[in-house]
Amino acid sequence: MSDRTLITTRNLSVHYPLRGGLIGPRQVVRAVEGVSIEIARGSFFGLVGESGSGKTTLGRALLRAAPITHGEVIYDDGEVEYDLAAIDKAALKDYRRRAQLIFQDPYAALSPRMTVRDIIAEPLEVMGLTKSRAETDERVREIAARCRLNLEHLRRFPHAFSGGQRQRISIARALVSRPRFVVADEAVAALDVSIQADVLNLLKDIQRDMGLTFLFISHDLSVVAHVCDHVAVMYLGRLVETAPTRQLFARPRHPYTRALLSAIPSLDPDERGRAQKLEGEIPSPTNPPPGCKFQTRCPYAIDRCRKEEPELEHIGAEHNVSCHRWRELSEELAMA
Amino acid sequence: MTRLLDVENLTLQFDTDEGRITAVDDVSFSIDQGQVMGLVGESGSGKSVTAKSLMKLNARNAVYGPQTKITLHLDDGPVDVMALRSAREMQVVRGGAISMIFQEPMASFAPAITIGNQMVEQLLIHTDMSKKQARELSIEMLARVGISDAAKRFNQYAFELSGGMRQRAMIAMALSTRPRLLIADEPTTALDVTIQAQVIDLMKDLVAEFGMAIIFITHDLGVIAQTADTVAVMYLGRLVEQGPVREVIRTPSHPYTRGLIAALPDLEHLDKPLTPVPGDIPSPLERPTGCVFHTRCSVAIDGLCQREVPQFTQLDDHHRVACHLAARERGAA
C-alpha cells in the first residue's frame, strides 16, 4: 500500500444469510467475495459489471453501509486512517462526513416536501458541521454555485426540476460536507444522453477542483471509458479484471471484459452483427457454479475452468486478471 | 414495398389543471410492411405518446387534432384508427394488428396471474383458438424466444423470472397474436448490455421470420444503428429529422440530431471531451415559439428561428429535416 492510496481492501467479502426452510442447510448469498483493490487518492475509479455482479454491494461496503463479513478495508486520506471492519462509533461518525454517496434515481432521492436549500443543508445540520444558520447558508450557496444552481433554484421544491437539474442537487447535497471520497452509484443511468454528458463533465470538474476520489459504479462501459482513469470489472461478486482505463479498453484480457465491450451497440449501421455474443445470464449468487464463476457463459471454458477457481493474477503495470487461459487466448485472438 | 401504416398530421394535446399541453405537434410518417422504424428523442419529446396514439391508448384527457389521420392498411382493407370508438371496435388494432412491449416488463405483467394464463387470455380474446390450442401456441412461443423449460415457465409468475427472461416472455406474448406492427417502447433500456444484445438479436430474427413491422422507441442511437431501417427524431412533440438510418447517423442535418450523436461517448476517441446538448428540454407549459429547438440551438438564426416554425426540407428522396439553417444551406447550394 502506498501513501497515495485512499482505500485499500484485502480479501473483502460481504455475505448475506438467507432464511432457509426448516430443514436443509442455511444458505448464504456471497454478494462480494475476496475482493482486493486499491483506490488511489484523487482518482476516478470505475466499477463495472451486470446487475447481480456485486458492484453496488462493494460500493456500500466501502461506505460501511453494508456489513463487512471478512477481510479488511483501510481508509487513509492523510489526515485520518480507519479500519472500516473494526471502526468505533465516534470514528464512524467522522467517516460519514468524509465518505458520501450519490444515488441513481434523482426522482426518488430528493424529498418532495423540502426546498432545495433544506435538502442541501440537511447533512450539515444532521452532522452539526456549522455553527450558525448564516454559516450553513454560506456553505449551501457555495456548493450550489459549483453545481450550477442559482439562488432562485434554492427556494423551489424538487418537482420543479428536470432530471439533470435534480441530479445536480443530489451532487450538491453529497458534497456539502466536503467529503474526500464519493461513491456515485449509476449516477447518470437514469438521465437522457443529452443531459448525461453535462452531469459527467460536472463530476469531472468537481473531482479535479476539490481533489476528490470517486468510485464510479456503472453498467455502461462507454461512459466509464470517458470519465474513469482506472477500472475494475466484477462478475458474480469477484473481481475478474482491473487495469488503467486505456489499457483495459485497448487490451482487455478477460473473456468477460471482451464480451462486455463487444456488446456495446455500435453507432455504425454496417457493424451489425459483429458483436461477440454472450449466451445465457449471470448465475444466482446463492448457487454459484464451481471453478471459475464465468465458466457457464464463457466460450473458451475448458475442464480446468470448471474445477479450479482462478486467482487474480498480476500481468503487467497495474493490470490484473483472473482467468486460467488469458495468455493463450490473447495469443490466439491476436493471430485471428 | 407494401405500405402498412400512414400517420398524417398527428396532433395530440392533453387537458390538464395547468392548461392544455401540446404533446405531439403535426407529426407525419409512414411504415412499410416488415420495416423497422426507430423513434428517437429524450424524455418528454413525445415519442411514447405518438406510438400509443396508433392504438388510441392515451389517457382520457387526450384531445386529438381535427386533421389527425391514422390509417392501417390490413389485408381486409384500410382501417381508419381515429374513427374507432368502442373498446370492441378497437380490438382490431389493440392486440390485434398492433402489439406493444414496454420498458419495464415487471410492471407490465400482472403479478398474481401466471405468465401462461396471461398469454392464453389474450389469445382467447383475439383469436378463435381453443384453450388447449392457445396453451400449446404459448409454450411454443416461449420456446421460440429462447426460454428454456418453456412448459415450466408457462406456470410461473413474473417475479420468478429474471429481467431478460421477462422481456423475452413479453415479446413472446406480444407476437403470439401475429401482429402486423410491433411497438417496442424502450424494450432494452432496463437490461444489461449483454442481455440487450441478446434481445436485439432475437427481435431481428423475429422480423425476418414473421415479416412484421416494428416501431422501436429508444433514446439510444447505438441501438437504433443496430436495428432500424429508418429513423425519426423527435423533439418537444415535433419531428425534426427523418430518413434512412445510414444517412441520418452519418450525415445528421438537424442541430438536435447532431447534438444527440455528439453527446454519445465515443469509444474510439477517449480523449474527446463529452459534449452535452446545452440546457434542458423546456417544460411543455412553456413551449417555445417558432422552432421548438431554438432555445438550445447554437446555430439558431436571429429573428427567424424564434418566430417561424421551420417546414421540412427534402435533402434527398427519403431524408428530410425541419430546420431553417439546413433549408438556407440547401437553397444556397
Side-chain angles (χ1 to χ4, degrees), chain A residues 48-53 160-165 188-202 204 219-228 245-246 249-250 256 259-284 297, chain B residues 40-45 146 148 162-165 188-198 200-201 204 219-229 244-246 248-250 256 259-283 296:
Chain A
V48 296
E50 295 172 84
S51 335
S53 63
F161 294 90
S162 67
Q165 288 169 323
V188 297
L191 304 178
D192 277 305
V193 201
S194 56
I195 304 298
Q196 186 177 298
D198 181 51
V199 173
L200 289 172
N201 287 342
L202 175 69
K204 278 297 265 188
H219 69 281
D220 189 336
L221 277 163
S222 46
V223 168
V224 166
H226 268 268
V227 295
C228 297
T245 307
R246 259 158 214 295
F249 282 79
Y256 179 61
L260 274 185
L261 283 173
S262 82
I264 302 172
S266 162
L267 200 52
D268 184 349
D270 292 326
E271 293 261 316
R272 283 185 190 186
R274 297 246 186 106
Q276 174 205 344
K277 293 289 153 47
L278 208 52
E279 303 278 323
E281 298 181 14
I282 193 164
S284 155
R297 297 168 80 193
Chain B
V40 195
E42 57 200 299
S43 334
S45 61
S148 54
S162 68
M165 214 56 112
T188 61
T189 308
L191 305 178
D192 282 308
V193 270
T194 57
I195 308 298
Q196 166 171 292
Q198 293 173 3
I200 286 177
D201 264 9
K204 281 195 229 172
H219 66 275
D220 187 339
L221 276 164
V223 171
I224 293 287
Q226 294 303 306
T227 51
D229 302 311
V245 70
R246 277 186 183 72
V248 174
I249 287 179
R250 292 210 179 126
Y256 178 60
L260 278 184
I261 291 175
L264 281 176
D266 181 355
L267 280 179
E268 308 284 315
H269 306 95
L270 292 184
D271 288 324
K272 216 178 80 182
L274 295 170
T275 23
V277 179
D280 280 307
I281 195 163
S283 143
R296 295 171 76 187

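The structure presented is a predicted model; accordingly, all values stated were derived computationally and were not measured. Within every chain, numbering begins at 1; the chains are lettered A, B, ... in the order of the sequence lines, protein sequences first and strands thereafter.
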| field | Option that, when pairs with chain A are counted at under 4.5 Å, heavy atom only, ranks first among B/Ile200, B/Leu260, B/Val245, B/Ile195 | value | B/Ile195
| query | Minimum heavy-atom separation for A/His226 to B/Pro265, with atom names? | reply | CD2-CB, 3.4 Å
| query | Mind checking what makes salt bridge (Lys or Arg N to Asp or Glu O under 4.0 Å) contact with A/Asp268, not counting sequence neighbours? | reply | B/Arg250
| query | Which region of B/Ile224, side chain (C-beta onward) or backbone (N, CA, C, O), has a non-hydrogen atom less than 4.5 Å from a non-hydrogen atom of chain A, or is it both or neither? | reply | backbone
| remark: For B/Gly222 and A/Leu267 the tightest heavy-atom approach is N-CD1, 3.9 Å
Using atom types as modelled, flag every donor-acceptor pair under 3.5 Å from a side chain in residues 194-202 of chain A to any protein atom, sequence neighbours excluded.
| unit_1 | atom_1 | unit_2 | atom_2 | d |
| --- | --- | --- | --- | --- |
| A/Ser194 | OG | B/Glu42 | OE1 | 2.7 |
| A/Asp198 | OD1 | A/Arg148 | NH2 | 2.7 |
| A/Asp198 | OD2 | A/Arg148 | NH2 | 3.1 |
| A/Asp198 | OD2 | A/Arg168 | NH1 | 3.3 |
| A/Asn201 | ND2 | A/Ala197 | O | 3.4 |
| A/Asn201 | ND2 | B/Leu274 | O | 2.9 |

| message | Within the structure provided, determine whether B/Leu264 and A/Val193 are in side-chain contact (heavy-atom separation under 4.5 Å). | response | yes
| task | Could you tell me which portion of B/Ser148 (side chain, backbone, both or neither) has an atom closer than 4.5 angstrom to a non-hydrogen atom of chain A? | result | neither
| When heavy-atom pairs shorter than 4.5 Å are enumerated against chain A, which of B/Ala228, B/Gly41, B/Gly259, B/Gly44 gives the highest number? | B/Ala228
| note | Cut-off 4.5 Å, heavy atoms of chain A, and the answer for B/Leu221 is both
| task | Check each atom of B/Ala262 against the heavy atoms of chain A and say whether the ones under 4.5 Å are side chain, backbone, both or neither. | result | neither
| request: Could you have a look at B/His219, B/Arg246, B/Arg296 and say which one has the most heavy-atom pairs with chain A under 4.5 angstrom? | output: B/Arg246
| query | In Å, rounded to the nearest 0.5 Å, how long is the span from OG1 of B/Thr194 to CD of A/Glu281? | reply | 8.0 Å
| remark: Bottom line for A/Ser266: the part with an atom under 4.5 Å from chain B's heavy atoms is both
| task | Supply the atom-to-atom distance A/Asp192 CG to B/Asp220 CG, rounded to the nearest 0.5 angstrom. | result | 11.0 Å
